[in-house]
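Here the structure is laid out as structure tokens; the discussion comes afterwards.
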Amino acid sequence: MVALGGLCLVSSSNWLSVYLAIELSTLSLFILVAQKGGSGQSAEAGLKYFVLGALSSGLFLFGCALLCGFTGGTHISYINLVLNPGLGFSELRIPIGSLLIVVSLLFKLSAAPFHMWAPDVYDGAPTTTTALLATVPKVGYFSILVSIGSAVNILLVGALFSMVVGAIGALNQTKVKRLLAYSGVGHMGFVLWGIEVGSFESIQASLIYVVLYVVMSICVFAIILTLGAAKNLIVEFSGLSGRLSVLALTLALTFLSIAGIPPLVGFWGKWLVLLSGVVYQYYLVFLLAVMCSVVAGVYYVRIVKIIYFQASFSLLISSKVLRKENWINLRKALLIGAGLYVIGFTMLSPNLWLQLAHWAGGGLF
């Protein structure tokens, strides 16, 4: 149902169908987050996600009501045509409706300052649900944000806050899913910056960035599920290079790619977004983005250090001996292999990504 909602959201051109598609995936995620029976943490995460998600949906529906009520239509392109600048008295109500919709979408993208739910929900939900929550909805919400555009520069504010919060918030995390939650907040800052610039090249760069982020997140979560970490602690990766050298190398390359280390593909995605911002003279945002990337690289490199250079604690060794070894199945192996190919070798021939992003970007305008 979550995938079906995402597909409907990407293909929607009417605000009513957009709302129904969002609710189809959101209501399914409400159930999946709280499905771990007997877990108080999962129940807390489900309740928090439900309450804040209901508030976000209410804001979205109220914003749609303002826009559709003023213009007399529900089609997105028709509303954008009617609400062009220079309509006089509409200047009061139009930004309010657009603002409410954009705020709701920023919440669902876990962008700062509307990210407060993400670390607790990511940590409390089952790992498979966390992987679904961190990947599938991103592309759909991206397409709607491109359709509506920026409302009173709130996307730029969200981008700046997201970069800073994502870089600083993960520095003291000890659980990998909470770290990935803050990492996702930071990456959404780069995506929002490309949408805020508003040019075709920046939209194309943001689309490539969000797709690469989804691919790298799928690879990370597939490895986490394969390892079967008991507490999802970062220190559980210690000694991984000695036990499972291939998985250790894949996980290290994935985190280095997420950090934007060249020549991995994550660096290429960040470079495209930064370049599109510099072309349109966003120099201060460029400097902030570079500094946040450097700070965020600290905790990614720390994980690689734990994988290769930190011996396992005695308590972790005993738990690994008592726990049955998880063998990787074919589906996880295919996911990890495809992710590793994209991360390691796409830099050699990026023309396919550029062409696909060009076609997809043309359909969004």
Side-chain angles (χ1 to χ4, degrees), residues 6 9 18 22 25-26 29 48-49 51-60 63 98-123 130 132-170 173 177-198 202-203 205-214 216-217 258 260 269-270 273-274 276-277 282 285 288-289 291-293 295-296:
L9 185 58
V18 168
I22 289 176
S25 59
T26 302
L29 288 171
K48 181 176 295 187
Y49 188 50
V51 173
L52 296 177
L55 175 61
S56 171
S57 298
L59 292 175
F60 186 91
S98 301
L99 179 65
L100 293 175
I101 292 176
V102 172
V103 166
S104 173
L105 294 176
L106 290 181
F107 167 85
K108 295 183 183 298
L109 284 171
S110 67
F114 310 103
H115 68 287
M116 70 293 294
W117 60 273
D120 294 333
V121 173
Y122 276 44
D123 190 35
T130 304
L132 191 66
L133 188 62
T135 55
V136 174
K138 305 295 185 184
V139 179
Y141 298 142
F142 171 85
S143 64
I144 300 302
L145 278 175
V146 172
S147 299
I148 192 174
S150 179
V152 293
N153 291 328
I154 190 174
L155 290 185
L156 182 59
V157 175
L160 296 176
F161 273 99
S162 297
M163 291 178 188
V164 174
V165 171
I168 298 176
Q173 299 300 319
K177 290 200 290 184
R178 294 184 68 90
L179 183 144
L180 290 174
Y182 281 106
S183 172
V185 173
H187 288 294
M188 287 304 105
F190 284 88
V191 174
L192 293 176
W193 184 25
I195 301 175
E196 167 64 28
V197 174
S202 66
I203 297 296
S206 288
L207 179 59
I208 292 174
Y209 193 99
V210 74
V211 172
L212 292 177
Y213 166 74
V214 167
M216 292 183 291
S217 297
I258 295 175
K270 286 189 176 182
V273 176
L274 292 173
S276 65
Y282 283 77
V285 184
L288 178 65
M291 289 188 292
C292 290
S293 296
V295 174

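Keep in mind that the numbers below use all heavy atoms, side chains included, and drop hydrogens, waters and symmetry copies.
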| note | To the nearest 0.5 Å, atom CZ of Phe114 lies from atom CG of Leu55 at 10.0 Å
| said: Test: salt bridge (charged side-chain N to carboxylate O under 4.0 Å, His left out). Region: residues 100-120. Which pairs qualify, not counting sequence neighbours? | reply: Lys48-Asp120, Asp120-Arg178
| said: Please report the interatomic distance CG(Leu132) to CG(Leu29), rounded to the nearest 0.5 Å. | reply: 5.5 Å
| request: State the CD1-CD1 distance between Ile101 and Ile144, to the nearest 0.5 angstrom. | output: 9.5 Å
| Taking all atoms of both residues into account, what is the closest heavy-atom pair of Met116 and Pro113, and its distance? | CE-O, 3.4 Å
| Under the side chain to side chain donor-acceptor pair (under 3.5 Å) test, residues paired with Ser104 that sit two or more places apart | Ser56
| Can Leu106 and Ile154 be said to form a side-chain contact (heavy atoms from CB on, under 4.5 Å), step by step? | CA-CA 10 Å; Leu106 290 181; Ile154 190 174; 4.3 Å; yes
| task | Take Ser162 and Trp193 through the side-chain contact (heavy atoms from CB on, under 4.5 Å) test and state the conclusion after the steps. | result | CA-CA 10 Å; Ser162 297; Trp193 184 25; over 6 Å; no
| task | May I ask you to test the Asp123-Pro119 pair for a side-chain heavy-atom distance under 4.5 Å? | result | no
| query | Rounded to the nearest 0.5 Å, what separation is found between the CE atom of Met188 and the CZ atom of Phe142? | reply | 10.0 Å
| Matching residue for Leu59 among Leu105, Leu99, Val103 - test: side chain to side chain contact (heavy atoms under 4.5 Å, CB included) | Val103
| field | Donor-acceptor under 3.5 Å (Thr130 side chain, Tyr122 main chain) | value | yes
| Taking only residues two or more places apart in sequence or in another chain, which ones pass side chain to side chain donor-acceptor pair (under 3.5 Å) with Ser25? | none
| task | Look up atom OG in Ser217 and atom CG in Leu180, then write down how far apart they are to the nearest 0.5 Å. | result | 7.0 Å
| field | side chain to side chain donor-acceptor pair (under 3.5 Å) involving Tyr182 - partner list, sequence neighbours excluded | value | none
| query | Listed by chain and number, what are the ring-ring contact (aromatic ring centres under 6.0 Å, His included) partners of Phe60, not counting sequence neighbours? | reply | Trp15
| note | What one should report as the nearest heavy-atom pair of Thr135 and Val214 is O-CG2, 3.7 Å
| Okay, side chain of Ser183, backbone of Leu179: is any donor-acceptor separation there less than 3.5 Å? | no
| request: Could you list the residues that satisfy ring-ring contact (aromatic ring centres under 6.0 Å, His included) with Tyr141, not counting sequence neighbours? | output: none
| message | Testing the basics here: between Leu133 and Lys138, what is the closest heavy-atom pair and its distance to 0.1 Å? | response | O-CE, 4.3 Å
| said: Tell me whether Phe161 at atom CZ has more than 12 heavy atoms from other residues, nucleotides or ligands lying less than 6.0 Å away. | reply: no
| note | Smallest heavy-atom separation, Gly194 atom then Ser206 atom, equals CA-OG, 2.9 Å
| field | Residue pair Gly140 / Ser143: nearest heavy atoms and the distance that separates them | value | O-OG, 2.6 Å
| So Phe107 and Tyr49, would you call those rings parallel, tilted or perpendicular, with 30° and 60° as cut-offs? | parallel
| field | side-chain contact (heavy atoms from CB on, under 4.5 Å) between Val197 and Val273, worked out | value | CA-CA 10 Å; Val197 174; Val273 176; over 6 Å; no
| Closest heavy-atom contact between Ser293 and Lys270? | OG-NZ, 3.5 Å
| At what distance, to the nearest 0.5 angstrom, does CE of Met216 lie from NE2 of His187? | 6.0 Å
| message | Using the side chain to side chain contact (heavy atoms under 4.5 Å, CB included) definition, which of the options Leu155, Val191, Val157 pairs with Glu196? | response | Leu155
